[in-house]
Amino acid sequence: MSYLFGVGGVILLQVGFSFAIILATSGGGSFVGLGAMLLAVLGIPLTALINLLLIRSNRKNLASPHVLRLALVSLALPAAQLALMILVSVFRL
């Protein structure tokens, strides 16, 4: 069950967030959508692999520190995409 939420749920969350960023920035003339897509192409499989290894190494005691580590790894890609969108909108790049 932890693999389902720790890997599968994170993949769905990241794909949905990446799709929302791409749709929100389409047609504006900037390359935020392309940057978000390129980050997603590399970040989603990398996050899934890291989460899989973290869950597998801590399979017996999936306690609070391990869940926090999984959450921080999972939120790195959406944070990077959101930061890219904010940087472009603030600095008009």
Side-chain angles (χ1 to χ4, degrees):
M1 195 65 151
S2 61
Y3 289 110
L4 180 67
F5 292 118
V7 178
V10 170
I11 288 174
L12 289 177
L13 170 86
Q14 288 181 343
V15 166
F17 191 82
S18 299
F19 188 64
I21 292 286
I22 291 169
L23 283 180
T25 59
S26 65
S30 71
F31 287 100
V32 176
L34 178 65
M37 184 196 64
L38 290 175
L39 282 173
V41 164
L42 295 174
I44 292 173
L46 187 64
T47 303
L49 179 67
I50 291 170
N51 282 354
L52 179 73
L53 293 174
L54 283 172
I55 292 171
R56 188 173 243 186
S57 67
N58 301 313
R59 187 175 13 193
K60 297 211 164 90
N61 62 348
L62 201 60
S64 179
H66 303 297
V67 173
L68 179 64
R69 191 176 303 149
L70 284 173
L72 289 176
V73 168
S74 301
L75 292 175
L77 177 67
Q81 291 173 338
L82 192 60
L84 177 66
M85 188 170 136
I86 290 170
L87 282 174
V88 168
S89 66
V90 168
F91 293 116
R92 311 245 185 240
L93 297 174

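In what follows, residues are counted from 1 in the order of the sequence shown. For the numbers below, each heavy atom of this structure counts, side chains included, while hydrogens, waters and symmetry mates do not.
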Which value, rounded to the nearest 0.5 Å, describes the distance between Ile21 atom CD1 and Leu39 atom CG? 10.5 Å
Validation: residues 40-49 side-chain donor-acceptor distances under 3.5 Å, sequence neighbours left out:
from: Thr47; atom 1: OG1; to: Gly43; atom 2: O; distance (Å): 2.7

Any chain of hydrophobic side-chain contacts (each under 4.5 Å) joining Val73 to Leu53? no
Just verifying a value: how many Å separate Ile55 CD1 and Asn51 CG, rounded to the nearest 0.5 Å? 6.0 Å
Can you hop from Leu23 to Met37 via hydrophobic side chains spaced under 4.5 Å? no
The reported gap from CG in Leu77 to CG in Leu82 (rounded to nearest 0.5 angstrom) is 11.0 Å
Cluster question for you: counting only ILVMFWY and a side-chain heavy-atom cut-off of under 4.5 Å, with indirect links fine, are Val67 and Leu72 together? no
Quick check for you: to the nearest 0.5 Å, what is the distance between Arg69 atom CZ and Leu54 atom CG? 6.0 Å
Compile the donor-acceptor pairs under 3.5 Å between side chains in residues 7-19 and protein atoms, sequence neighbours left out, one pair per line.
from: Gln14; atom 1: NE2; to: Ser74; atom 2: O; distance (Å): 2.9
from: Ser18; atom 1: OG; to: Gln14; atom 2: O; distance (Å): 2.8
from: Ser18; atom 1: OG; to: Gln81; atom 2: OE1; distance (Å): 3.2
from: Ser18; atom 1: OG; to: Gln81; atom 2: NE2; distance (Å): 3.0

